[in-house]
Structure formats: C-alpha cells, structure tokens
Visitor: 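Sending over a structure as structure tokens; questions will come in a sec.
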There are 2 protein chains.
Amino acid sequence: MTDSSSLALEHLPGGSAPLYERIADEVRRRVDAGIWSRGHRLRSEAEIAADLQVARGTIRRAIALLVESGHLVQRQGVGTFVAGREGLRVPGRFESLGQRMERNGVDHETVELGRDVVDAPQPSGAPVRSLRVRRLRLLDGVPMSVLVNQIPLDIAPGIEQVDLVTMSLYTLLEKSFHVAIEHSELTFGAIAADAELAALLDVPVGAPLTHLVQSTYGPGDVRIDDAETWIRPDRHQPTVSLWRTNS
Amino acid sequence: MTDSSSLALEHLPGGSAPLYERIADEVRRRVDAGIWSRGHRLRSEAEIAADLQVARGTIRRAIALLVESGHLVQRQGVGTFVAGREGLRVPGRFESLGQRMERNGVDHETVELGRDVVDAPQPSGAPVRSLRVRRLRLLDGVPMSVLVNQIPLDIAPGIEQVDLVTMSLYTLLEKSFHVAIEHSELTFGAIAADAELAALLDVPVGAPLTHLVQSTYGPGDVRIDDAETWIRPDRHQPTVSLWRTNS
DNA sequence: CATTATTTGTACGTATGTATA
DNA sequence: ATATACATACGTACAAATAAT
C-alpha cells in the first residue's frame, strides 16, 4: 500500500499561510526534490488527513493546488500520484507573486542586508557612482529571493539615505524621484546555490536557483537600475506576457 | 446593494454535470453575454446559496472556477465582481531561440526524440487532440536544451507528418500553416536535472537547469502551442525585452 | 460475473477568522 | 464599534469509479 513517506508537517514553515498552502508547499517540495518521483503514489486523502489531524477537505484543497500546477494527478477510485512530464505544465495556472501578495495584503517582508556606494562599471563609458543595496525578500516568513540593485546617484540623488524595505524600489523611483521607467532587459538562467546564497535562502548548497539579471532604462536609454536576483523556484516563478510587435 | 439579478437556475437541467459546474456555466454565460458587465457586483455567496437552495460551499466552488478563468474577482469583506479585461502584465518582445539562431547563422542542430498524438487537457474545456513532439537542441554539437511542444491538430492540420528539425517551429507555423502568433505567456524557474534530463543534456544529475513553461496564443486567444523547455544555463540564457505600456 | 473494499468526487452543513465598509 | 462578506477549516454523508475478491 505504498506505505512509508508519511508527511510529518510539524516543521511546516510560514506560520501565517493557510494550512492547505503549507501542506501543498511541503508536498511540492518533496516532488521537486525528487523524494517522491514520477508515479509515486500518495497515501489516500483520508489517511493523510488522519495523520495530520486535519479535515479531508483541507487535504483535498492542498492536492487541488498541485493538480493545477501539474505536480500531481488524481484518478477516482485509484489514488493520487506524482505526475510525469507527459502532461505539460500550463502557465497562468501558477499563482503569481503579485496575486499572492495582493490577495493577502502584505505577508511579505524585505530585509536590507547592506548598502554601499560604488563606482559601477558601464558597458560603454566611464564608471558611474551608484548606490548598491542588497536585500532579502521573504514570503510568509520564508526566504524567497536575494536582490542586488545598483542605482546611479545622479538619477536619484539622496537615495543612498532612503529606506528601501517598506516600498517597492520602482514605486519609490517613480513616485519620489520622478524617474520614468521605460523598458528593461531581462536575462534569466539557473544556477546552483553557493554557500552564501544557500545560507540566505535557507536551501542546501547546490540547490537550483533562478538567476535573473535585469537592466532598466528610462527615456533616452538612460540607465536607471542594474539588478541581479536569485530566486528560490519553489517559492516563486516569475511570469511575463509577451506580445508580437509589428516587427 | 446591486440587488436584482438573482440566478434562477430552474432551467439548468444540465443532466449529469456537477452542480457547481452548471452554476458556473450559467454565471459565465451571463458575463460573456454582457448581461452582467464589468464591475457588476454579484449577490453574496450566502444569498445565492439560499436562493438556489444549495450549500454555500457549492457556490464557492462555482465562483472559484470563474475566478480562475478570469471572469470574476473576489475581495474579502467586499464582494464578488465581474472582472474587467485589463491585464496587469508587462508587454514585451520575445524572439524564440530557434528564430534567433536562424537569424545569426549559429551552428545548431535539432534532434527529434519522439512524437505522438495525445488528447491534451485544457485549462478550461474539453481536451484537444494535439501533436506532442520532444526535441533536443544542440549548439556546436553540445546539448543545449530539451523541448516538448504540444500543438493542436486543428490549428495546423497535417503537422504530425511534418519534419520539425530543420525549421523553427514558430517559423513553420507562420510560414507554412499561416498561423498568426499574437502573444505568449512565459513562466520561468530553475529545477534540478533528473536522471532523464541529465542524460539528454549531458550534465550531472542534480545540475541546475533553466525551466521554461510557455503558452502561445493567436488572434482571439486561440491556443497555438504549449511548450515546456529545459535549458543548460551554461549554454544559453534567454533574454526578453519589456516595455512599459502606454504613457 | 457479481460482490466488496477502497479511493476519489460531490454536496451538505457548521463554526470561526479576517478584511472591509 | 458594528455589520457584512469572503476565507479557512472542520465534519458528515453518499455517489461514482476502480481494483481486488
């Protein structure tokens, strides 16, 4: 009966998140980590519910999230299984970060790790004196991403003394410094967590992280911000919508 | 209090479909028909439930379907409303990797790993008979990415017999099947290589891979392609350009 | 082939928490 | 402060699909 591997959620993080989300997170973690591989059969809803001392409806809701995201499949009368790749995972079904934060106000938190003023080298031209700030972003108390931003001081004079944990950086630039953001270039990849990132994001060394490099420009291709971000893929997956331009 | 407009589902035989689906269908019909237009406030869940003599949970489940599909939005403490059509996402331009390599004359090669015809489940609606093709892309003879695409057969009839290794899939769809590509939704993250991907991409098991899930749509939001891609980040890092709308 | 046990699916009902007006 | 409305969670019961007896 595919015993073993009971859930044991005593150490479930994110105390404030709903129970069904925490359960789903834990199951997703095990699937993504390969602890439960393709075809693995979960215990029955009733058993899991009894184990965790929660109602079966709560288990069903957690499982529903993972069926949505393509992690699990269910078959009536048979059981619940870890999905293979035979079914594609369709976007738009993931809960975007914006939606999640919108939905429950602000359960996210930003911690500043440090800041300094540096002469940032430019692709073309002389170095530009810039504020460099390193921040850690948490969702439901669990680390989600590490952000490093570099903002030229002449773009936002005085920003080196401004608090950057309460407001979105871009909101601050637009509202307080009247910097218009026009476009940005985004390059993304994956990278294994080194010791420093692993410690900050609370993952094992070597765990895969989403790696983002983004340059943001204002009118006239003025460089506004250079950013590098590392994201725990189990905590957030960015989504963008792309439209065909008229060539 | 936006009264009026109670549901009255007497004429909802619907036969075998679950109650929550029939209720959702009726609400969706009214929204699509414009009987309830953007911003219209629905009666409270409790009121609807009392009206229809069903449990509130059943109403919630019906509404959940429509929130998922973007027809409705809910705000705690306020109410349930008919959603607008505005998207909050950032428009951008995306050149498919295949197109980019075509343009630059990079030495690349595509190997087909297999193809079959499947009934692909859709986020909403019945499964669609689709071609599923798995391909491996190499750059300078070294594996770069694994691609799985699903293209509905009614979009490109006969594509199941077409060679897909010489030309970019999107170029093929546009040039040979006259399928206009309008936009796509792109979700990205990182994932550790499992045994299968590791073998295909010639990396150690557990190596970080860029993971991409992309749905592509034509005019009228017709679904053209669902794709899932795993990329060796040391071989390629996708870039997108994002522009601010209007203003 | 029929029966039975198991498991998911649907629907009901209740209670309490939280956000908003 | 109060009332309203959605959000979460609990629990029960039965139906439907499946697999084993």
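Within every chain, numbering begins at 1; the chains are lettered A, B, ... in the order of the sequence lines, protein sequences first and strands thereafter. Owing to the predicted nature of the structure, the values given are computational and were not obtained by experimental measurement.
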Visitor: Between B:Gln74 and D:dA5, is there a contact of a side-chain N or O with OP1 or OP2 at under 4.0 Å?
Guide: no
Visitor: Quick one: is C:dA19 close enough that its OP1 or OP2 comes under 4.0 Å of any side-chain N or O from B:Arg75?
Guide: no
Visitor: Find out whether B:Val54 and B:Tyr20 are in side-chain contact, i.e. whether some heavy atom of one side chain is under 4.5 Å from a heavy atom of the other.
Guide: no
Visitor: Examine C:dT7: is either OP1 or OP2 under 4.0 Å from a nitrogen or oxygen in the side chain of A:Thr80? Give yes or no.
Guide: no
Visitor: Going by side chain to side chain contact (heavy atoms under 4.5 Å, CB included), A:Thr80 matches just one of A:Leu72, A:Val73, A:Val27, A:Leu66. Which one?
Guide: A:Leu72
Visitor: Output yes when at least one side-chain N/O atom of A:Thr58 is less than 4.0 Å from OP1 or OP2 of D:dC10, else no.
Guide: yes
Visitor: Check the pair B:Val146, B:Arg134 against side-chain contact (heavy atoms from CB on, under 4.5 Å), reporting the backbone distance first and the verdict last.
Guide: CA-CA 7 Å; B:Val146 172; B:Arg134 299 168 194 271; 5.8 Å; no
Visitor: Measuring from the side chain of B:Glu45 (C-beta onward, heavy atoms only), which nucleotide among D:dC6, D:dA9, C:dA11 has the closest atom?
Guide: D:dC6
Visitor: Rounding to an integer number of Å, can you tell me how far A:Ile59 CD1 sits from C:dG9 C1'?
Guide: 16 Å
Visitor: Can you tell me how far P of D:dA9 sits from CD1 of A:Ile23, to the nearest Å?
Guide: 8 Å
Visitor: Test of understanding: with salt bridge (charged side-chain N to carboxylate O under 4.0 Å, His left out), list the residues that count as partners of B:Asp116, not counting sequence neighbours.
Guide: B:Arg132
Visitor: In this structure, how many angstroms lie between the P atom of C:dT6 and the CD1 atom of A:Ile48, rounded?
Guide: 17 Å
Visitor: Any ion pair linking A:Arg22 and A:Glu26 (charged N to carboxylate O, less than 4.0 Å)?
Guide: no
Visitor: How long is the line joining CZ of B:Arg61 and P of D:dA9, in whole Å?
Guide: 17 Å
Visitor: Compare all side-chain heavy atoms of B:Arg28 with those of B:Leu65 and state whether any distance is below 4.5 angstrom.
Guide: no
Visitor: List, with names and distances, any nitrogen or oxygen atoms from the protein found under 3.5 Å away from nitrogen or oxygen atoms belonging to nucleotides 12-17 of chain D.
Guide:
{"residue": "D:dA16", "atom": "N3", "partner": "A:Gln76", "partner atom": "NE2", "Å": "3.0"}

Visitor: Grab the CG-P distance between B:Leu72 and D:dA7 for me, whole Å please.
Guide: 12 Å
Visitor: Return the value, rounded to whole Å, for the distance between atom CG of B:Leu19 and atom C1' of C:dC12.
Guide: 11 Å
Visitor: In whole Å, what is the span from the CZ atom of A:Phe81 to the P atom of D:dT18?
Guide: 12 Å
Visitor: Calculate the interatomic distance between A:Leu42 atom CG and C:dT6 atom C1'; express it in whole Å.
Guide: 16 Å
Visitor: Would you mind classifying the nucleic acid contact of A:Gly79 as base, sugar-phosphate or nothing, using non-hydrogen atoms under 4.0 angstrom?
Guide: sugar-phosphate
Visitor: With a non-hydrogen cut-off below 4.0 angstrom, is B:Arg60 in contact with a base, only sugar-phosphate, or nothing?
Guide: base
Visitor: Counting only side-chain nitrogens and oxygens, does A:Tyr20 get under 4.0 Å of the OP1 or OP2 atom of D:dT8?
Guide: yes
Visitor: Going by the rule side chain to side chain donor-acceptor pair (under 3.5 Å), which residues pair with A:Glu228 if we only count those two or more places apart in sequence or in a different chain?
Guide: A:His211
